[in-house]
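Scroll down for the structure; my scribbles are underneath it.
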Amino acid sequence: MENKINAYNNVLELIGNTPLVKLNKIASGLTGNFYAKVEAFNPGHSSKDRIAAYIIEEAERKGILTKDSTIIETTSGNTGFSIAMVSIIKGYECILAVSSKSSKDKIDMLRSMGAKVYVCPAHVSADDPRSYYEVAKRLHNEVKGSIYINQYFNELNAEAHYRSTGPEIWNQTNGNITHLVACSGTGGTISGTARFLKEKNPNIKIIGVDAFGSVLKKYHETREFDSNEIYPYRIEGLGKNLIPSSTNFDVIDEFIKVTDEESAHTAREISRTEGMFVGYTSGAVMQAVKQLDENGEFGKDSNVVVIFPDHGSRYMSKIYSDQWMEDQGFFDTKHESEPQEIQY
Ligand code: PMP
């Protein structure tokens, strides 16, 4: 008798085909139907698994990578984790150049996933030879047979989503999606997904979420880079201080900005009300939906898909730490009651 085992051959086979989950309580006061594409169900717990696997496999198809090749990127975030994961399974070396601002937890996590992490000074300019951009470029030139993922300037980033996230959403909604609301960092997710959806139905409205302190919204409206828009903010992975070539501004209908504070509270609210422990930018995208609803964007038959990019476990020392929230001045009577103390 054949001994049939139902198993995946490795974790990479679990990338993509993430579930679409109806939002209930958090959307209860809003007009329309709301669904979240929950990217934390990827094996590396974020949407970046899709681009890591796709970009590396494209390089394999083109014959650029050989056994023992090296994959290089400049990130301590989700993309770094995903590249490390793909590299382990495929047997490549993974080098990540990160800023000294990155938390120790993140650096330890990447090292635990087998990545060689170069910690570069945060206070130097991007063109300084010590910056993480320059270190990555130098290593790419020095290490024979290496590839530099360069997610902000790599057209394969959006293509990964054009080929996976877009078709998945179209099929999961049976073509009945009316709006897509998604965060924009590299812009890969929104650009690739939107291009696919607009090819199917040009009337689908595509709304990008940007941060106060980022240039994307203004650039979309004026096609001009305005450095006056730039100031520090706390949400990671959303918005940018430069114009990424991986963003296709033509397929995005409008951008909406959200604050650090409201996004943090909304992420916590999603966890509390929907039982989904989501990351900071999932809070940002839902905050944007609330603002759009207030502006009368949706009708009762709207089918709005939002993308929740990653998992809350990466933000334990940030939005899920009461102390951190307090340190940012994010606790006030408007949002939250006093924490409960147990009396002994
Ligand atoms: N959310 C998080 C947590 C991210 O790390 C990123 C990627 N920078 C995004 C949203 C935005 O995705 P994209 O880069 O595809 O625009």
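Position 1 is the first residue of the sequence, and the numbers go up from there. Just the heavy atoms: all of them, side chains too, but no hydrogens, waters or symmetry mates, feed the values below. Just so you know, ligand 1 is whichever comes first in the structure, and atom 1 is the first atom listed for that ligand. This structure is a prediction, so every number in the text was calculated from the model and none was measured.
- Counting all heavy atoms, side chain and backbone alike, P121 lies closest to V124 at O-CG2, 3.5 Å.
- For K48, the heavy-atom gap to ligand 1 drops under 4.0 angstrom.
- The closest approach between S184 and ligand 1 falls below 4.0 Å for a heavy atom of the residue.
- Side chains of N78 and D310: a donor-acceptor N/O pair is present below 3.5 angstrom, by distance only.
- Among all protein heavy atoms, the one lying closest to atom 12 (O) of ligand 1 is T189 OG1, 3.6 Å.
- Among the atoms of I190, none of the N or O lies under 3.5 angstrom from an N or O of ligand 1.
- Considering both main-chain and side-chain atoms, Y152 never comes within under 3.5 Å of ligand 1 through any nitrogen or oxygen pair.
- Counting only N and O atoms by type, the side chains of S125 and D127 include a donor and acceptor under 3.5 Å apart.
- In terms of protein heavy-atom proximity, atom 5 (O) of ligand 1 is closest to N78 ND2, 3.2 Å.
- Which parts of ligand 1 touch G188 is read off a 4.0 Å heavy-atom cut-off, strictly below it: atoms 15 (O), 16 (O).
- The only member of I147, V135, I95 that meets side chain to side chain contact (heavy atoms under 4.5 Å, CB included) when paired with I72 is I95.
- Residue contact check: Y315 has heavy atoms under 4.0 Å from atoms 3 (C) of ligand 1.
- No more than 12 heavy atoms of other residues, nucleotides or ligands sit less than 6.0 Å from atom NZ of K104.
- Ligand 1 does not have F81 within reach: every non-hydrogen atom of the residue lies 4.0 Å or more from it.
- Close approach of ligand 1 to G187 is summarised as follows: ligand atoms under 4.0 Å from at least one heavy atom of the residue are 13 (P), 14 (O), 16 (O).
- Counting only N and O atoms by type, the side chains of Y320 and S271 include a donor and acceptor under 3.5 Å apart.
- The environment of E13 atom CD is dense: over 12 non-hydrogen atoms of other residues, nucleotides or ligands sit within 6.0 angstrom.
- Between atom 4 (C) of ligand 1 and the options G237, G279, S246, G208, the minimum heavy-atom separation is to G237.
- Of the polar atoms of D310, none of the N or O atoms is found under 3.5 Å from an N or O of ligand 1, judged by distance alone.
- The T186 neighbourhood of ligand 1 comprises atoms 13 (P), 14 (O), 15 (O), 16 (O), with distances under 4.0 Å to a heavy atom of that residue.
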